[in-house]
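Indexing begins at 1, ligand by ligand and atom by atom, following the structure's order. All figures in this text were calculated on a predicted structure; none of them were measured in a lab.
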Amino acid sequence: MRVSAIREILKVVSQPGMISLAGGIPALESFPLEIMEELVAKVFSKYGALSLQYDRTEGFLPFVEALVPFLANKHIRTSADKILVASGSQGVLDAVGRVLISPGDKIAVESPTYLGALQAFNSCEPNYVCLATDDDGLIPESLEEALRGNTIKFIYLVPTFQNPTGRSIPLNRRKQIAEIIQRHNALLLEDDPYSALRYRGDELPPIALYAPDNVIYTTTLSKVLAPGLRLGICVAPEAIRKWLVIVKQGVDLHTNTFSQALASEYLSGGYLERHLPKIINLYKPKQEAMLRALKEFFPADFRWSNPEGGMFLWVEGRKGMDMETLYWKAAERKVVYVPGKFFFANSGEGSETMRLNYTMSDERTIHRAIQILSDVMKEALLA
Ligand SMILES: Cc1ncc(COP(=O)(O)O)c(C=O)c1O
């Protein structure tokens with residue numbers, strides 16, 4: 001029901017002249033269109049008709065082989081036979097839900113968390129245990145408390161440049177979280193779609209590096225190649241991986257062979273290394289423009305995240321404000337965002353928050369949109 005509520009409010013996004021800071025999708029200019037013909041030619045010359053054939057559920061062999069160094073670069077040490085390819089990381093979230101969740105099981109999630117994960121899990125009817133967060137993401141003590149007081153089927157986290165907040169869990173907390181899940185023999189689903197989109201600061205290794213036997217790790221090519229190819233990647237403990245394969249087989253037999261063949265050329269041919277800096281150079285000034293505009297225009301007592309990468313900023317207004325009501329006022333002035341309350345598993349929380357996306361608009365438009373939003377906010381505070 002919450003999902004249909006959000007769909008309802010986002011219907012106005014496509015109205016003519018609307019500036020959307022609501023989307024959560026990459027900029028069209030971030031896709032490497034200029035190399036696509038070359039990649040397609042390579043796919044047909046190397047794999048011919050096999051690139052259009054049914055294939056293994058686990059993943060197209062040249063692709064999973066190319067994923068080994070790709071994952072090693074993210075500190076995930078694995079081998080081709082341990083990787084599962086899915087239709088986006090959304091496909092991984094769905095499969096994990098189907099394998100692990102029985103109705104009534106408790107799943108621990110950050111508060112707020114990625115709405116698409118809640119959507120993926122909801123059909124399996126879990127109960128959510130909400131974990132407290134601050135500017136540094138999940139508070140480890142909150143996880144400790146949840147694991148002590150409950151039987152938790154798994155914990156779902158987006159530790160780097162989280163959707164919706166943009167926050168990242170610092171290294172010391174990652175190690176603490178790894179220690180906690182190992183001590184409780186708990187299972188973590190670590191969702192890592194954004195870590196490659198780093199604009200400043202030092203790289204952060206995944207929690208999986210510190211607790212590999214307790215983590216199902218998932219990442220995606222959606223933000224570093226193209227989301228329409230639907231390529232998600234999963235590395236899981238073997239006892240779980242084999243069930244994920246069986247479940248996926250029942251859902252779609254396998255992920256699109258042609259997409260996997262294209263992506264294997266993209267990775268193994270060194271195209272990703274050449275293209276990723278272009279994506280970063282595209283998004284970095286957009287993020288800087290939004291941060292500058294927030295500082296220039298937004299009320300002094302509002303707070304917002306200041307992430308070193310990713311696609312989102314999270315704004316916290318004055319307590320008691322309702323960003324869903326203000327959404328309609330902003331929409332009248334042709335600017336939209338996502339009210340933050342939709343990202344909380346428990347309703348009633350986060351009404352004074354909003355998620356802002358900066359990847360889809362140019363810098364000048366971002367500046368204007370934030371100025372308009374700030375007028376709406378200031379008028380609401382005076383009313
Ligand atoms: C945290 C998170 N996980 C998963 C996804 C799904 O990505 P994919 O395109 O790989 O299915 C998204 C997409 O926005 C996301 O933000």
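Residues Asp191 and Tyr156 have side chains that bring a donor and an acceptor to within less than 3.5 angstrom of each other.
Under 4.0 Å from ligand 1, not a single heavy atom of Pro227 appears.
Counting only heavy atoms of the protein, atom 7 (O) of ligand 1 lies nearest to Ser89 OG, 3.4 Å. Asp191 OD2, 3.4 Å is the protein heavy atom nearest to atom 2 (C) of ligand 1. Looking only at protein heavy atoms, the nearest one to atom 9 (O) of ligand 1 is Ser222 OG, 2.6 Å. In terms of protein heavy atoms, atom 6 (C) of ligand 1 is closest to Tyr114 OH, 3.6 Å.
Heavy atoms of Gly116 stay at 4.0 angstrom or farther from ligand 1. Residue contacts with ligand 1 do not include Met311, since none of its heavy atoms lies under 4.0 Å from the ligand. Between Arg230 and ligand 1 there is a heavy-atom distance shorter than 4.0 Å.
Heavy-atom proximity to Lys223, at under 4.0 Å, picks out these atoms of ligand 1: 13 (C), 14 (O). In the vicinity of Gly88, heavy-atom distances shorter than 4.0 Å reach the ligand 1 atoms 8 (P), 10 (O), 11 (O). For ligand 1, the atoms closer than 4.0 angstrom to any heavy atom of Thr220 are 8 (P), 10 (O). Taking every heavy atom of Tyr194 and a limit of under 4.0 angstrom, the matching atoms of ligand 1 come to 13 (C), 14 (O), 15 (C), 16 (O).
Judged by distance alone, the side chain of Arg167 and the main-chain N or O of Asn306 form no donor-acceptor pair under 3.5 Å. Arg174 contributes a side-chain N or O that, together with a main-chain N or O of Ile169, makes up a donor-acceptor pair within less than 3.5 Å.
Shown here are the side chain to side chain donor-acceptor pair (under 3.5 Å) partners of Asp202, two or more places apart in sequence or in another chain: there are none. With sequence neighbours excluded, no residue forms a ring-ring contact (aromatic ring centres under 6.0 Å, His included) with His275.
Tested against Thr255 for a side-chain hydrogen bond (donor to acceptor under 3.5 Å, both in side chains), the candidates Arg56, Lys248, Gln260, Glu58 yield a single pass: Lys248. Partner of Asp301 under the salt bridge (charged side-chain N to carboxylate O under 4.0 Å, His left out) criterion, out of Lys319, Arg318, Lys378: Arg318 alone.
For a threshold of 3.5 Å applied to N or O pairs, the pair formed by Ser87 and ligand 1 contains no separation below that value.
Separation of the Tyr194 and Tyr283 ring centroids does not fall under the 6.0 Å cut-off.
Between Phe60 and Tyr47, the ring planes are perpendicular. Angles over 60° get that label, and only those under 30° would be called parallel.
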